[in-house]
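Computation of the quantities below employed the complete heavy-atom set of this structure, encompassing side-chain atoms and omitting hydrogens, waters and symmetry-equivalent molecules.
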Amino acid sequence: MEGLLRWGLANSDPRGPDQPPPQPRSDLDPGVIDILLGKPDSELMKEALTVAVDQTKDENDRLQALDNFEMLVEQIDNANNLEKLQMWEPLHSLLTDPNSSTEIQTQVLWVLGTAMQNNPAAQHSYLALSPLRTLLTFLSPTVRSGATRAKAVYTLSGLLKHNAAAVAQMESAGGWDTLRAALQDSDISVRRKVAFLLNTLLTAAGDEPEVESEEAPANVQQPCPVPTPAEDVRAAAPIAAPASTPPPTSSAPRQTQSHAVTLHTSSPAFSAPSAASAPPPSTALGPPQTVHPNSHAALVSDPRAASTALPTARALQRSGLLGALVGALSQPVPYGPDGDREGDADFEEKVLRGLHTYAAGGRRAFPAAEGAALRGWLDDAERRAGGAEGVAEKWGLTREELGELKEAAGTGAA
């Protein structure tokens, strides 16, 4: 240690306190520094997007630029920089540009889907462009590329998962009808992705209630103000208090509104405590929770922003999607380039998982027609598999899950 100290003193800056600090060197080549240290990701993103949107460039160069861009936005900080760098609009314009080739559009869909995966901030930024109708057009049968249709489902998944604001716009955009038609797509990979997406949207997130309820969660207060697009703000608006709630008396002390958020409920059913059992206002909730700006700030300030299970279940009932899922099992449409292939265990497993999530997750029974069709298909599957255990094993269900599915279809527990 003593030798290290002597070396440090011998090699320390001998300048006195009155001497000016050393000036940065001006003879360094920035290009050489970039080669040695690498350019910042933001610069790489700018360069890649510049090439991608330039129609005078060779298409292979543009596709390579988009491929590089997709790898960059896999990193969540880079995905969040898309808004700061004003890149969402140019990317989206490549989808709507009639001069964009199918390959360019497919690659752009991949970029968008990757940027939004598990990233609420990116979801909100892209949703501000009202992109749903554009994305849904790529699921049309008129889009001849199965790879493009599959990537469209990937992008929709990135936008819709845990995003109540986007799910709320699906009906007006015709999204549920489009997904229903996609369950009969000629490309089986598209059908699989749609079934998987529906199951994901039906899965309750965290403390989200799975059954119908008109009461607001008792221990979630008003959301903290986090900047979001106007559509998201409307979708995440706080639930109004019931009209029958009596106004506070003049003798009661006036309580200052808190912006605290409790992320865990006291009961899975989200039942509000009665007046007799509710704790005093001063102790009902903890101290206000600070929400720091980050990718998941919107979900922390208002956990309901991730609630997609109930609106998706209602949409399945209204749009005929529930019947389409059952029909995909009981009356499967052939697939393949020539429409000569039938049956796909992976697709059937994903459909069964979605139907189980719908029924058991929300404690719902199937309507009579859908229940009868599903019951007939399950009975036939049991005969072919040699019993309920064979069916459960084939499609990755437990005996209990199969029993819940049969009970919802009207057959009683297995």
Side-chain angles (χ1 to χ4, degrees), residues 146 149-150 153-154 157 161 176 179-204 210-211 268 308-309 312-313 315-317 319-414:
R149 299 195 301 274
V153 183
Y154 174 71
S157 175
K161 282 195 303 186
W176 303 116
L179 292 183
R180 185 184 68 237
L183 287 172
Q184 298 182 351
D185 194 279
S186 61
D187 190 327
I188 193 63
S189 67
V190 175
R191 301 189 196 185
R192 294 175 190 148
K193 290 178 184 294
V194 171
F196 183 82
L197 171 59
L198 291 173
N199 179 57
T200 302
L201 296 179
L202 284 166
T203 302
E210 297 178 334
V211 295
T308 63
T312 302
L316 260 64
Q317 297 162 1
S319 65
L321 255 171
L322 189 60
L325 285 169
V326 174
L329 298 174
S330 61
Q331 297 176 321
V333 176
Y335 63 92
D338 300 321
D340 56 350
R341 302 183 63 182
E342 293 184 0
D344 182 79
D346 190 12
F347 175 58
E348 291 170 351
E349 179 180 340
K350 288 177 169 57
V351 171
L352 279 173
R353 180 59 61 184
L355 292 173
H356 175 266
T357 303
Y358 169 85
R363 299 187 289 280
R364 304 177 184 92
F366 291 101
E370 286 81 359
L374 179 59
R375 183 169 62 248
W377 186 84
L378 288 172
D379 289 343
D380 184 60
E382 283 192 16
R383 285 192 294 271
R384 287 184 280 110
E389 188 168 344
V391 172
E393 182 179 355
K394 179 178 179 179
W395 284 291
L397 298 171
T398 66
R399 286 289 301 270
E400 291 75 14
E401 289 173 335
L402 181 60
E404 291 169 342
L405 193 57
K406 294 174 67 177
E407 183 176 8
T411 65

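- Looking at every heavy atom in both residues, Ala388 comes nearest to Glu382 through CB-OE2, 3.7 Å.
- Without hydrogens or angle criteria, Trp377 side chain to Leu329 main chain gives a donor-acceptor distance under 3.5 Å.
- Separation of atoms CG (Asp185) and OH (Tyr335) is listed at 12.5 Å; rounding is to 0.5 Å.
- Taking each heavy atom of Leu202 and Ala309 in turn, the nearest pair found is O-CB, 3.4 Å.
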From CA spacing to verdict: side-chain contact (heavy atoms from CB on, under 4.5 Å), Thr357, Leu198: CA-CA 10 Å; Thr357 303; Leu198 291 173; over 6 Å; no
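- Scored by the side chain to side chain donor-acceptor pair (under 3.5 Å) test, Ser157 finds no partners at all (sequence neighbours excluded).
- Under the rule for a side chain to side chain donor-acceptor pair (under 3.5 Å), the partners of Tyr154 that lie at least two apart in sequence or sit in another chain are Thr114.
- Looking at Leu322 and Leu355, their side chains come closer than 4.5 Å, going by heavy atoms from C-beta outward.
- Interatomic distance, CZ of Arg363 versus CD of Glu404, reported as 11.0 Å (0.5 Å rounding).
- In this structure the side chain of Lys406 reaches within 4.5 angstrom of the side chain of Leu402, judged on heavy atoms.
- The heavy-atom pair separating Glu370 from Gly323 by the smallest distance is CG-CA, 3.7 Å.
- Within the 4.5 Å cutoff, the side chain of Asp380 has heavy atoms near those of the Arg383 side chain.
- The heavy-atom pair separating Leu325 from Val351 by the smallest distance is O-CG1, 3.3 Å.
- Under the side chain to side chain donor-acceptor pair (under 3.5 Å) criterion, Glu348 pairs with Trp395, not counting sequence neighbours.
- Between the Arg180 side chain and the Ser319 main chain, a donor and an acceptor come within less than 3.5 Å of each other.
- Leu183 and Ala324 get closest at one heavy-atom pair: CD1-CB, 3.9 Å.
- Lys350 is linked by a side chain to side chain donor-acceptor pair (under 3.5 Å) to Asp346, counting only residues two or more places apart in sequence or in another chain.
- Residues in residues 339-358 take part in these ring-ring contact (aromatic ring centres under 6.0 Å, His included) pairs, two or more places apart or across chains: Tyr358-Phe366.
- Remark: Arg191 pairs with no residue by the salt bridge (charged side-chain N to carboxylate O under 4.0 Å, His left out) rule, at least two apart or across chains.
- Asp379 and Arg375 are not joined by a salt bridge, as no carboxylate oxygen comes within less than 4.0 angstrom of a charged side-chain nitrogen.
- By the 4.5 Å heavy-atom criterion applied to side chains, Arg192 and Ile188 are counted as neighbours.
- Side-chain contact between Leu397 and Arg353 is present, with at least one heavy-atom pair separated by less than 4.5 Å.
- Within the model, atoms OG1 of Thr200 and NZ of Lys193 stand 11.5 Å from one another, a figure rounded to the nearest 0.5 Å.
- Nearest approach of Val194 to Ala182, heavy atoms of both residues: CG2-CB, 3.7 Å.
- For the pair Leu321 and Thr312, the minimum side-chain heavy-atom distance is 4.5 Å or more.
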